[in-house]
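Everything on this sheet refers to the single structure shown next.
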There are 4 protein chains.
Amino acid sequence: MAAALNLFVARGYAATRLEDVASAAGVSKGTVYLYFANKEELFKAVVQENLLPALAEGEALIDTFEGSTEALLHEILMGWWELIGESPASGLTKLLMAESGNFPDLAQYYNEEVIERCDRLFARILARGVAQGEFRETDVDLTTLALTAPMLFLMMWKHSFGPCASKVLEPKAFITHVVALVLHGLLRNPVPGAVIPPPPPLTAQPWRTPSDVNGDANGGTKS
Amino acid sequence: MAAALNLFVARGYAATRLEDVASAAGVSKGTVYLYFANKEELFKAVVQENLLPALAEGEALIDTFEGSTEALLHEILMGWWELIGESPASGLTKLLMAESGNFPDLAQYYNEEVIERCDRLFARILARGVAQGEFRETDVDLTTLALTAPMLFLMMWKHSFGPCASKVLEPKAFITHVVALVLHGLLRNPVPGAVIPPPPPLTAQPWRTPSDVNGDANGGTKS
Amino acid sequence: MAAALNLFVARGYAATRLEDVASAAGVSKGTVYLYFANKEELFKAVVQENLLPALAEGEALIDTFEGSTEALLHEILMGWWELIGESPASGLTKLLMAESGNFPDLAQYYNEEVIERCDRLFARILARGVAQGEFRETDVDLTTLALTAPMLFLMMWKHSFGPCASKVLEPKAFITHVVALVLHGLLRNPVPGAVIPPPPPLTAQPWRTPSDVNGDANGGTKS
Amino acid sequence: MAAALNLFVARGYAATRLEDVASAAGVSKGTVYLYFANKEELFKAVVQENLLPALAEGEALIDTFEGSTEALLHEILMGWWELIGESPASGLTKLLMAESGNFPDLAQYYNEEVIERCDRLFARILARGVAQGEFRETDVDLTTLALTAPMLFLMMWKHSFGPCASKVLEPKAFITHVVALVLHGLLRNPVPGAVIPPPPPLTAQPWRTPSDVNGDANGGTKS
DNA sequence: CATGAATGAGTGTTCATTCAT
DNA sequence: GATGAATGAACACTCATTCAT
């Protein structure tokens, strides 16, 4: 399964030949079928074997943690990266997204077992922050996503454009920056104590091509 | 090429049969080869045909915009989603990440032509915000990533787990929330006027398994 | 048809694409089908167009020739080479032998129209030599073949191993040598006036491996 | 490989379908690819497997032979025919000439490994004949060719026009005839002891068409 | 008369899967 | 339990052939 994990991550599902998995594992092609009914089952087994343990470990932390919720968030995200992001499991996450269309049941499973558990984890953290008066009132689902999106992005990036990008992306520095940004805000003079204000109204069709908006081209300005 | 785009996005590169592309386009298998040398060239053509125009349109907005940089950011991200995220180009972005390992030259090309141009766009916006006294001093590269990561996440999500997730994710609401979060911060009492403070120090190895940290098991507390 | 001739000779029947023939001829692929029903008919037309005229010319010479039959033979063979061997028709001959199995009717046709006429030509020459007292009595069919074999060999060679052989073969020198050899014989002291003597009896199984002929290994000597 | 040999010889390289080879061998199409990387490799393997052993056997004879060089020549040629000409290897020789243009490396290999070794064999025989006073001084290369050309012709003939010719060609009788002819000469009164005399001068352009030689049409007569 | 876009049967090749040993 | 030889369905790609223009 370790061999399969590496090859699936490196080449994708379709491009991974069972013969390569077998020889990488030092066994014959037929032996694979003694343990897995077919390629699809092998794939599913690899996914489940490598994703769940990491998540389980992560869930243990939260209850025992003492300190500010900002520090807790930082810890959680950094630990996530160290445990999953830096391990081959991050490759699996990417692979799962890439192949989700061809493996709906797997995507369903992953969604239920991993993502929703993950969401509940963050919901608890956010609730802790609000309860202790550290955080503003906030939409828990959206804020959770705003925190997990950079993590998923990091995993995807590592296994897609990262290797061929010109600027190297330092994951841990990025995580630290994101936490600081989301917590403290980018504005020089944020309004303390308030709920986050609603955004300004969008301009009408600002991105349309000129030919599309010739009639009311001045509608593109904000006011 | 429209047929190829749809099928590539729906099934992935390997699982898309040229015969299906042909019949979806209403032509025969051989006809495809009159216009594209092989499957790979078709794929590359689809990618380039559908990604670049969208980006080009996006770059036009920034110069003419008047208003707060917060509003500009909101506009840009929302426009990005309307123009690319809601179009099949978002599917291509996902596909490209999924297949980047098997098409290194395409990934390289996408990185140079799309990502780096995108980065420069955001760098200009952030510089505008800082210059006008709206934003704190900030690491431009990391903040750019913190803003683009949710966008890439949205595209990936839409074409992977989104369709089978229990909670529906409303992209525009998410974008609005992310902008507000990143700008105003999650803290109830952020420090106005200051540079974002450094994060608290991480605890020593908080996520390690007990077997790994047996020597200093109490290291799991914060300090 | 000139284009087809060149390509057929250069690449063989199967490896010649009609599209290449068309573009070499400066017309479109469809145009070829205005003049030839299909690839096979084109091939047959090329063969007939290029082989028969050369042979017809050759037949004209013999009746008017005055001089020794040895000189006549030399003239005929040399003329054959100049007219056919040095022209693309030699390539056709090679091609016809190569493809005879796949075009039995063409081989049949070639056999009747070319080879048998050729045989009759040589039979007349040999009869002339015997009638004039120049040549010994001889088996006409075999001697004809003994004279035409080197010619066919030359044509085959030119279009097969010739281009990659280390020693260059000078066709005209070879023809001259063959005529001299066949006429005068290789022996230092041939027996004038006599019929060619029968060959010595072959040894029993001279080429068998020793393990096969262990019983009478000395049978390898001549008598 | 036996099945491939038969089919290649019978139909040529291009017209032989791997599926036919497989079914002729009693296996499935995929099985062929367990042993040969592709069609080309199968072809090359068939050629090398079937040509070299035959030649190796042939080279053994010459050293042990006692008797006249004329008899030796007869033995060698007859043995060649029995060992190679009558075996499928003769079909391979024909095939190799037919496909030499499409397999230059194979032609090169055959030329070096087979033809040149063959040439050296005959050079030794001719030198023996001259050294023992049996043969006239002669151009070794050309005489070698004059002896091997009928053999190659026989192989070609057998697998091309032979099956559809009206007159049957008896190979062994032909070989015997050629040896006698080349040794004793066709002339009734050859000149003993002498070097073969140079050929009479060729007439000027005797084969040209009338339109080509209109200026000096009388130059076509010999004197 | 000429075109060239379109066709689709055919073939080389791959690889997940099986099973006798 | 393990093997590896064998399978055959599947697919990318080719090219002779057609036909509307």
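Below, chain A is the first sequence line, B the second, and so on; all start at residue 1.
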Which residue lies more 5' along DNA chain F, comparing D/Val32 with A/Tyr35 via nearest heavy atoms: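 That would be A/Tyr35.
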DNA chain F: 5'-proximal contact among B/Thr16 and C/Gly30 (nearest heavy atom):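 This one resolves to B/Thr16.
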Of all the heavy-atom pairs spanning C/Leu95 and C/Gly12, show the shortest one and how long it is.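 Closest heavy-atom pair between C/Leu95 and C/Gly12: CD1-CA, 3.9 Å.
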Out of F/dT7, E/dT13, E/dC1, which nucleotide sits closest to the side chain of D/Leu18? E/dT13
Expressed in angstrom and rounded to an integer, what is the separation of [X] atom [atom1] from [N] atom [atom2]?
X	N	atom1	atom2	value
D/Leu7	E/dT11	CG	C1'	15 Å
C/Asp20	F/dT14	CG	P	13 Å
D/Glu19	F/dA6	CD	P	17 Å
D/Phe43	E/dT11	CZ	C1'	18 Å
D/Tyr33	F/dA5	OH	P	18 Å
B/Leu42	F/dC11	CG	C1'	15 Å
B/Lys39	E/dT13	NZ	C1'	14 Å
B/Arg17	E/dT13	CZ	P	21 Å

Report which part of the nucleic acid B/Ser23 touches: base, sugar-phosphate, or nothing (heavy-atom distance under 4.0 Å, all strands). nothing
Neighbour count above 12 (heavy atom, 6.0 Å) for C/Glu49 CD: no
Are there over 12 heavy-atom neighbours, none belonging to A/Gln108, within less than 6.0 Å of that residue's CD?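 Counting other residues, nucleotides and ligands, CD of A/Gln108 exceeds 12 neighbours.
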Would B/Thr31 and B/Ser28 count as having a side-chain donor-acceptor pair, cut-off 3.5 Å?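 Their side chains do contain a donor-acceptor pair, which is all the 3.5 Å distance test asks for.
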Starting from the 5' end of DNA chain E, give me the residue, A/Glu40 or B/Gly26, whose nearest nucleotide shows up first.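 Comparing both residues, the 5'-ward one is B/Gly26.
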Contacts of A/Asn38 and C/Leu34 projected onto DNA chain E by closest heavy atom; the upstream (5') one is C/Leu34
With hydrogens left out and only the distance checked, is there a donor-acceptor pair under 3.5 Å joining B/Lys29's side chain and the base of E/dG10? yes
Does OP1 or OP2 of E/dT7 have a side-chain N or O of B/Ser28 closer than 4.0 Å?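 For E/dT7, OP1/OP2 do have a side-chain N/O of B/Ser28 under 4.0 Å.
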Partner of E/dT21 by Watson-Crick or G-U wobble geometry, both contacts under 3.5 Å, or none? F/dA2
If the test is ring pair (Phe, Tyr, Trp, His ring centres under 6.0 Å), which one of D/Tyr110, D/Tyr109, D/Phe8, D/Phe43 qualifies with D/Phe103?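 The passing option is D/Phe43.
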